Structure formats: C-alpha cells, structure tokens
There are 2 protein chains.
Amino acid sequence: MPKLVRQTPKPRARRQASEARPYHHGDLRRVLIDAALQLAAEGAEVSVREAARRAAVSPGAPFRHFPNRDALMAAVAEEAQRRFRVEIEAALAETPSADPLARFCAFGLAYLRWAMRNPAHFEIISSGRYFTHGSSAELTRDNAELVALTERMLAEAAEQGLLWSGDLKRIQIAGRALVYGFARMNLDGHFPRWGVEEGEIERMAEGVIDLFIAGIAKR
Amino acid sequence: MPKLVRQTPKPRARRQASEARPYHHGDLRRVLIDAALQLAAEGAEVSVREAARRAAVSPGAPFRHFPNRDALMAAVAEEAQRRFRVEIEAALAETPSADPLARFCAFGLAYLRWAMRNPAHFEIISSGRYFTHGSSAELTRDNAELVALTERMLAEAAEQGLLWSGDLKRIQIAGRALVYGFARMNLDGHFPRWGVEEGEIERMAEGVIDLFIAGIAKR
DNA sequence: CCGCTATGTAATCGTCGATTACATTTCGTG
DNA sequence: CACGAAATGTAATCGACGATTACATAGCGG
C-alpha cells in the first residue's frame, strides 16, 4: 500500500469541459452545507472536519467559506428553515378552508409532522445552541413570517367570534409553546418515559392540537 | 506571587480531626459535581477538565469517579433534578387547596418558575443531549413521581366533574408539552423574537397556564 | 500574457475526552 | 502495629476537533 501521497489533481489533466466547475472544487460551500445536513440527519455530531472529509477536501478548506463552525451551522439552519417553511406553506395550500381555526389546526399539524420527521434539522433550527441566533437575518425573517401567518389566522378567528378570549397574544404564545414543547418532548426522548409508544405519537399530536383548539374556541 | 505549587497536604500535617476527610482530596466526587453545576449555572460549557481545574486536581482525576463525561453529567442532572423536585414539592405544600385544578395550576407555575430561574440546570435535566438518559434510575424515578403527582390531580379533578373531556392522558401530555415548550422557548431564546420582554415572561407564564386550565375546565 | 484574487493544502496550536503506567494515601486484617 | 491490598491522584500520552497561518494553485480580467 503506497504511503498516503499529496492528493492534488494531476498537473496537466484538465477536467472534462462537460462539467463546468467554476473553481477548484465547484461550489464547495454548497457541498459542505449538504454534507452537514446529512450528518445531522444521521444523528451524528456535525463537525467541520467531518463535513470536509465528506467533501473530499482538506480540514482547513471550509474556513475559506465560513469564518467558523457557527457560521456553517447557521447556513445549515437557514437551509433547514427554508425547507420547513416550504413544507408548512404547501400544507396550508392544501387546506384552503375558510375556517381560520381549521387552518390554525392544519398549521400546527404540519409543524409537528415536519418536526417529528426531521428531528435533527428541527433541533438545529430551534435550539439556539449550535450558533448565535442573532447572526442570521434570513432565519429571523423566515420565522417572523410564520409567526405573522398564525397571527392573521387568530385575528380572523377573533373577528368571526370564534374565540372565547380576546387575548390573542396569550393564545398565540400558548399555542406555540404547545407545539414546540410537543416537538421537543419527542426530540428529547421524553415520550418513552411517558408511556407513549412510537407509533402513537403522531396520533397524539393530532389529539393535543384538537384539545387546544377546543380549549380556545367559543363555548 | 509564588509559582503555583503542587497542592498536596503537607506530609505530616495531619488534617484537623474536626473534619473527617476520608481520602486524598476529600470527596472529590462531590466537589466535581458542584463545580460542574456552577459551570452550567454560569452558562459555560461543562468540560471534565474545567471541573478538574476548579477542584484543583489533575485532568485525569475525575475519571476515577466517573467512567466518562456522560456519567459526570448524569450525576449533575441527578443533583439538579433533586433540587427541582424539592422546590416543586415545597410550592405544593404551600398550596394545600382542596381544588385539584388549583394545585395543578400551582404545579405548573412552580415548574416554570424553577425552569426560568435555573435555565442551565433545567436544560441538563431535560434535553437528553448531555448524557444517555437511560442510565440513571434515580432520574427516571424522580421524574415518574412528578408525573404521577399530576396524574392524581387530574384524576381527582375528573372525579369532581371539573373537566369537560375525559381523555386524561391527552390533557396530561398537552399540559406537559405546554409548560415544557414555554420553558424551552425561554431557554432557547425565542421570546425576544416574539416580542415578549424579559420582565414580561413570568407574567406571561401565569397567563398561559391560566388559559390552559380554563380550556380544560368544565364549561 | 501577466498578475490579482479566490480557493484549497499543509503544518501547527491549544483544548478536550480518554487511557495507561505509576505514585501515594488510606484502611482493614492478621 | 505493621503490612499489603484497595482507593485515589498524577503524569504522560493519544486521537479528534476548531482555528490560524504560510504557502500553492486555478481561473479571471486587463
């Protein structure tokens, strides 16, 4: 076995013209984000070095694209958040009900479903432990849009006299705490301790959302 | 200033008989747990080495008491959980109301107050990322007791006809998701993004709990 | 064609968790 | 009381990681 040799592309072996790689590696930034996303999805620790390994690149290379690990994680979070938002909006598009509470319910369900099917991505987005959250304007904006979405639903519901309480902010926070808490209980492995079986979780999510809606609806 | 010298007890300078230190350092295990707790409370990363430094001991010493970092974190979690449980029970002792829903409410408030005043400890207990949760029987038992406590309250409330729904498990999970989610939103720094001011949080916690109670109460 | 900039490599540092060999203290038992 | 075993701590070392630096190379534009 030859002793590990310098692994630069051979001097005059030009790349095939077919693939237009603009630079040495060809958008290493993108490849690193994807590698990190995959790492997260596998439940593994996301390290800059491992992402570099998967991109077949030296350990120092990523730092040309991200000043530090935090910045890579922030980029990963932005990508995950984008997917999250797309899925939520798709689910809402499939529920064009006129009833604002029905849409509120659909939102909660889509939120929980995505969180439970993409636990690692959800964690990166929401936990605020992988990077400094103030840094990403895109993340903040994306999140604010989703918040505004539910605000509108609730305001509409209030206008139509569907709610018994007029404190919309309180309802808003409580609703978010409910779905966020449920998602995190799943993420943090609380459900086995609570006697909730694996296959039972998604049904329980529906039940919990229904309970909340019934709790705020006019009686 | 003298150059940091080996800090072993002087050869024949026997310790005062008053304090019975059984071994070299005198319950290093205890000191390490306290150091780690303090580290967490400061918001710093909890590393075995730093705990060892604070205990003025070599980096390898802690491994005589904990097989690995996880085990140290588990011990820290047990200590934190113990304090958590003590505080909850004290709060309930101060609320000897006959009304089970009032006690349920007091439980939720005590839960949230502790979580918001000891964020790092709450995180270690609940996040399941600092150690493998299956390992600590004490933690599991402690938690199960608190769960049983709220179960009894709810069962009592149902007996007295205070609830409109009979699905106690669903109510239980929803209630837990609500307080857990609220605590984690605070922990994960979500509230600034939600326009909730720092001083407003505790009041909002009360409001959210009241909303939930009102939502499950007989109408 | 030449030089500038973007990008990647190699080498290095300090920290961490973990393991091992060795030293010292404590304790129980004969 | 002495001595050996067990408990406890130290020192040295390993490999992985994040990060920085000096250097090399590819591609673009004047």
Side-chain angles (χ1 to χ4, degrees), chain A residues 3-17 19-33 35-36 39-40 44-76 129-132, chain B residues 4-15 17 19-33 35-36 39-40 44-76 129-132:
Chain A
K3 198 170 162 50
L4 196 62
V5 179
R6 184 110 135 49
Q7 193 174 346
T8 2
K10 286 161 197 149
R12 291 295 93 187
R14 320 260 318 164
R15 300 178 192 292
Q16 287 113 10
E19 43 174 332
R21 293 201 185 186
Y23 284 111
H24 303 191
H25 186 282
D27 207 356
L28 175 58
R29 182 188 162 86
R30 179 74 239 160
V31 174
L32 286 170
I33 292 175
L39 244 346
E45 285 280 318
V46 179
S47 75
V48 176
R49 286 179 108 92
E50 183 59 26
R53 257 190 294 270
R54 298 215 175 177
V57 100
S58 83
F63 291 92
R64 290 287 175 188
H65 298 271
F66 305 97
N68 51 43
R69 181 179 183 276
D70 265 23
L72 171 58
M73 296 308 294
V76 170
R129 156 181 51 266
Y130 294 101
F131 61 99
T132 50
Chain B
L4 196 62
V5 178
R6 182 106 139 52
Q7 193 174 347
T8 0
K10 287 162 196 147
R12 290 296 96 186
R14 318 270 308 172
R15 301 175 193 290
E19 44 175 332
R21 292 203 185 184
Y23 285 112
H24 303 193
H25 185 284
D27 209 353
L28 176 59
R29 181 189 163 87
R30 179 74 239 159
V31 174
L32 287 171
I33 292 175
L39 246 346
E45 285 281 316
V46 178
S47 76
V48 177
R49 286 179 107 93
E50 182 59 26
R53 259 191 293 270
R54 299 213 174 180
V57 102
S58 83
F63 291 91
R64 290 287 175 189
H65 297 271
F66 305 97
N68 51 41
R69 181 180 183 277
D70 265 23
L72 171 58
M73 296 308 295
V76 170
R129 154 180 55 264
Y130 295 101
F131 60 99
T132 50

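Since the model is a prediction, treat every value here as computed from it, not as a measurement. By convention in this document, chain letters (A, B, ...) are assigned in the order of the sequence lines, proteins followed by strands, and residues within each chain are numbered from 1.
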Can you check whether A:F66's main-chain N or O pairs, donor with acceptor, with A:R29's side chain at less than 3.5 Å?
no
What is the distance, rounded to the nearest whole Å, between atom [atom1] of [X] and atom [atom2] of [N]?
{"X": "B:F63", "N": "C:dA21", "atom1": "CZ", "atom2": "C1'", "answer": "17 Å"}
{"X": "B:L39", "N": "C:dC16", "atom1": "CG", "atom2": "C1'", "answer": "13 Å"}
{"X": "A:L32", "N": "C:dT7", "atom1": "CG", "atom2": "C1'", "answer": "12 Å"}
{"X": "A:E50", "N": "D:dG15", "atom1": "CD", "atom2": "C1'", "answer": "14 Å"}
{"X": "B:R69", "N": "C:dT19", "atom1": "CZ", "atom2": "P", "answer": "15 Å"}
{"X": "B:D27", "N": "D:dA7", "atom1": "CG", "atom2": "P", "answer": "16 Å"}
{"X": "A:L28", "N": "D:dT25", "atom1": "CG", "atom2": "P", "answer": "19 Å"}
{"X": "B:D70", "N": "C:dG17", "atom1": "CG", "atom2": "P", "answer": "11 Å"}

Of A:S47 and B:G60, the one whose closest nucleotide on DNA chain D sits nearer the 5' end is B:G60
Regarding B:S58, tell me which of base, sugar-phosphate or nothing describes its non-hydrogen contacts under 4.0 Å with the strands shown. base
By nearest-nucleotide position on DNA chain C, the 5'-leaning member of A:R64 and B:R64 is A:R64
Next item on the list: Please tell me if the side chains of A:L72 and A:V76 come closer than 4.5 Å, counting only heavy atoms from C-beta onward.
Entry: yes
Quick check: do B:L28 and B:R64 have side-chain heavy atoms less than 4.5 Å from each other? no
Does [X] place a side-chain N or O at less than 4.0 Å from the phosphate oxygens OP1/OP2 of [N]?
{"X": "A:H65", "N": "C:dG8", "value": "yes"}
{"X": "B:R49", "N": "C:dT15", "value": "no"}
{"X": "A:R53", "N": "D:dC17", "value": "yes"}

Between the CD1 atom in B:I33 and the CE atom in B:M73, the distance rounded to the nearest 0.5 Å is 11.0 Å
Heavy-atom nearest pair, B:S58 first then B:P62, reads O-CD, 3.4 Å
